[in-house]
Amino acid sequence: MTGQPRAGFFPGEDAPSNESQGKARILSAEGQQRETVERSPQVSMGPPGPSGERRDGAAAPDPAAQAREESARGDVLYLSGDFARAFNRYQEAVRLQPANADYHFRLASAAWKTGDSRPVKPHFEEAIRLNPRHLLAHDAMAQWSMYLGDMAAALDYSAKAMALAPEDPNSIISRAQVLEGDGQPLAAWRLLEPLIASGLQSDRAMTIYALLAPKVGHEAQAAALIERRLQDRRSSPRVLPDLHFAAAALYDRIGRYEEAFAHARQGNGLIRRPFNPATSSAIITAHINYFTSDRLRSLPRATHGNGRPVLIVGMPRSGTSLVEQILASHLQVFGAGELSALNFVARSLESAARPARTLMPMCLDQLSLEQANIAAADYLRQITAINSTARYVTDKLPSNFLYLGLAEILFPECHVIHCVRDPRDTCLSCYFTYFASGNAFSFDLGQLAGFYRDYRRMMQHWKQVLTLPMLDVRYEDVVADAEGQTRRMLEFLDLPWDDRCLRFHENKRPVVTSSRDQVRRPLYASSVDRWQHYQRHIPELLALVPDGT
């Protein structure tokens with residue numbers, strides 16, 4: 001949800017988290033996709049006659065032609081953002097032509113976009129097996145490996161992609177991303193800088209340049225380059241928000257706050273992501289009304305006894321990435337990042353309810369003990385596929401705060417860490433972040449403040465009715481006393497002390513949220529009370545702290 005980085009983490013998206021970012025370039029460039037659609041034969045799918053011929057007398061389409069049409073349909077759906085239906089079309093193309101590497105590549109790409117991790121690696125690998133020179137599959141596997149934390153594999157795949165196309169800007173940019181993810185910003189810069197110096201007109205390169213610029217002292221140069229790019233109006237409207245958010249971050253970094261806020265406001269104003277504040281608030285109210293103490297006691301509890309999940313929840317930009325990075329530096333903890341698995345479990349319970357599509361949480365009225373165990377097992381399988389050995393696996397999707405009632409039923413042995421931060425800083429940071437997906441409330445200050453109030457009343461309710469062990473961790477306290485707060489968290493999880501937790505910035509595990517730069521540096525206090533630089537622009541956020549303190 002807070003997701004993957006925007007810039008260049010998906011093939012064809014010339015645009016970083018987040019989550020995420022993003023996470024990897026997955027499809028070929030949109031132009032190539034459209035070319036595929038345009039050149040694919042438009043095979044009629046009229047019903048065949050009894051002899052195998054269509055009723056109009058023409059021969060039934062052969063499997064290769066049908067596969068091309070299914071893939072072309074998938075391309076159209078993918079480009080429209082309907083990734084689930086695109087996945088179905090690519091799946092049919094693979095069934096019809098299992099030896100076609102491109103169909104496997106597209107299938108894995110769509111699966112990644114839907115959040116279903118299971119088909120991703122096998123089909124990218126099959127694309128490479130079928131076509132060892134498949135550039136985009138090597139590139140995508142590099143980004144996927146980085147997402148999973150396997151930096152050795154990420155470096156290997158990106159090196160192979162570079163070997164296949166050493167002069168290709170996209171391969172160079174993707175290699176730079178992997179190097180940056182491996183904690184090698186200077187090596188990444190050495191690759192990217194010649195592209196920038198050559199005058200390459202690539203929005204994607206510019207946004208990654210903006211990400212690397214603070215590490216090499218080029219903030220002002222990068223901001224000026226982005227300003228020129230915005231003024232010459234050659235950028236696609238689709239990537240304009242990326243450029244504005246990149247400029248906002250750079251200006252904020254060098255203390256030019258008026259310019260920073262102006263770009264943040266422009267970037268947010270360009271985003272049209274559906275959000276209904278009344279509906280969002282009503283969902284929170286429905287969960288509060290449903291999950292009473294009596295109701296929670298009456299619902300079946302899964303009996304698997306697995307206490308591996310640690311849910312790290314809170315508002316986006318409240319310190320969830322920092323907390324996960326600290327914990328994931330412990331030998332007994334694996335940081336899985338932002339998983340959609342709990343949301344998928346909730347959707348599957350809704351789909352199984354009768355009448356059809358009875359929504360959460362009312363669908364839990366029909367939940368049996370068997371169903372609870374099956375649903376829990378589905379989530380546990382997904383985290384096991386990511387890591388099967390660590391004592392704990394963290395899931396830091398902030399929006400899981402909505403599903404803590406479900407978590408109590410499915411994972412009664414799990415732990416919850418609730419990240420808290422000054423609401424003005426939390427919301428301002430959201431406003432300065434271009435989330436790759438979800439968080440549609442964050443692009444308008446009024447809606448952002450309203451969502452924060454709903455989040456706060458949801459968490460206040462959970463603390464009254466849940467029996468799950470829950471620990472509040474304040475971001476400001478971690479900044480002021482990292483060792484003390486780290487000891488609190490380890491004691492909460494019954495873990496022994498590990499000095500590596502204080503050296504979290506040395507941990508090379510990939511962080512694909514918008515906080516990845518912060519967790520690669522020792523703790524710093526400049527993000528505390530950041531809101532004070534923008535007071536005259538954010539009255540909606542100032543009202544979240546009535547007494548102004």
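Taking a 6.0 Å sphere around CZ of R133, one finds it holds 12 or fewer heavy atoms contributed by other residues, nucleotides or ligands. Atom CZ of R391 is surrounded by more than 12 heavy atoms from other residues, nucleotides or ligands within 6.0 Å.
The two atoms that bring A210 and A222 nearest to each other are CA-CB, 4.3 Å, heavy atoms only. Taking every heavy atom of both residues into account, M206 and I226 meet most closely at O-CD1, 4.5 Å. Listed here is the closest heavy atom pair of F344 and T114: CZ-O, 2.9 Å. Residues A375 and L349 approach most closely at CB-CD2, 4.2 Å, considering heavy atoms. Between A376 and A302 the shortest heavy-atom distance is CB-CB, 4.1 Å.
To the nearest 0.5 Å, atom CG of residue L136 and atom OG of residue S171 are 8.0 Å apart. For the atom pair CG (D75) and CG (L79), the distance works out to 6.5 Å, reported to the nearest 0.5 Å. The distance from the CD1 atom of I312 to the OG1 atom of T394 is 4.5 Å, given to the nearest 0.5 Å. Atom-to-atom distance recorded for Q177:CD and I208:CD1 is 4.0 Å, nearest 0.5 angstrom. Rounded to the nearest 0.5 angstrom, L179 CG and M151 CE are separated by 8.0 Å. Rounding to the nearest 0.5 Å places OG of S198 at 7.5 Å from CD1 of I196.
A salt bridge does not link R229 with D242: every distance from a Lys NZ or Arg NE/NH1/NH2 to an Asp or Glu carboxylate oxygen is 4.0 Å or more. Note on E69 versus R73: salt bridge recorded, some NZ/NE/NH1/NH2 to OD/OE distance being below 4.0 Å. Using a cut-off of 4.0 Å between Lys/Arg side-chain N and Asp/Glu carboxylate O, R89 and E92 are scored as not salt-bridged.
Between the S329 side chain and the Q325 main chain, a donor and an acceptor come within less than 3.5 Å of each other. Under a 3.5 Å cut-off, the side chain of Q366 and the backbone N or O of A353 do not form any donor-acceptor pair. Using a distance-only test at 3.5 Å, with no hydrogens or angles considered, a donor-acceptor pair links the side chain of Y90 to the main chain of G74. In this structure a side-chain-to-backbone donor-acceptor pair under 3.5 Å is present from S368 to Q371. Listed for the S145 side chain is a donor-acceptor partner under 3.5 Å among the backbone atoms of M141. At least one donor-acceptor pair under 3.5 Å links the side chain of T207 to the backbone N or O of D203. Between the side chain of E324 and the backbone N or O of G337, at least one donor-acceptor pair lies under 3.5 Å. With S71 contributing its side chain and R68 its backbone, the two residues share no donor-acceptor pair below 3.5 Å. R308 places a side-chain N or O within donor-acceptor distance of the main-chain N or O of A390, the cut-off being under 3.5 Å. D395 contributes no side-chain N or O that, together with a main-chain N or O of A336, makes up a donor-acceptor pair within less than 3.5 Å.
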Handout entry: Intermediate values then yes/no, side chain to side chain contact (heavy atoms under 4.5 Å, CB included), R175 and L155
Key = CA-CA 8 Å; R175 175 67 173 176; L155 290 164; 3.9 Å; yes
Exercise for the section: Could you go through the salt bridge (Lys or Arg N to Asp or Glu O under 4.0 Å) check for R118 and D378 one step at a time? Expected result: CA-CA 12 Å; R118 289 168 291 186; D378 187 44; 3.7 Å; yes
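Ring geometry, F105 versus H134: the interplanar angle falls from 30° to 60°, so the pair is classed tilted. Ring planes of Y157 and H138: tilted class, angle from 30 to 60°. The aromatic rings of F401 and F451 sit perpendicular to each other, their planes meeting at more than 60°, with 30° as the lower class boundary. Note: Y434 and F443 have perpendicular aromatic rings, judged against thresholds of 30 and 60 degrees for the angle between ring planes.
Y392 and F334 have their aromatic ring centers separated by at least 6.0 angstrom.
Proximity of L342 to F411: side-chain heavy atoms (C-beta onward) are separated by under 4.5 Å at one or more points. For the pair C414/N306, no side-chain contact is recorded, criterion being any heavy-atom separation below 4.5 Å from C-beta on.
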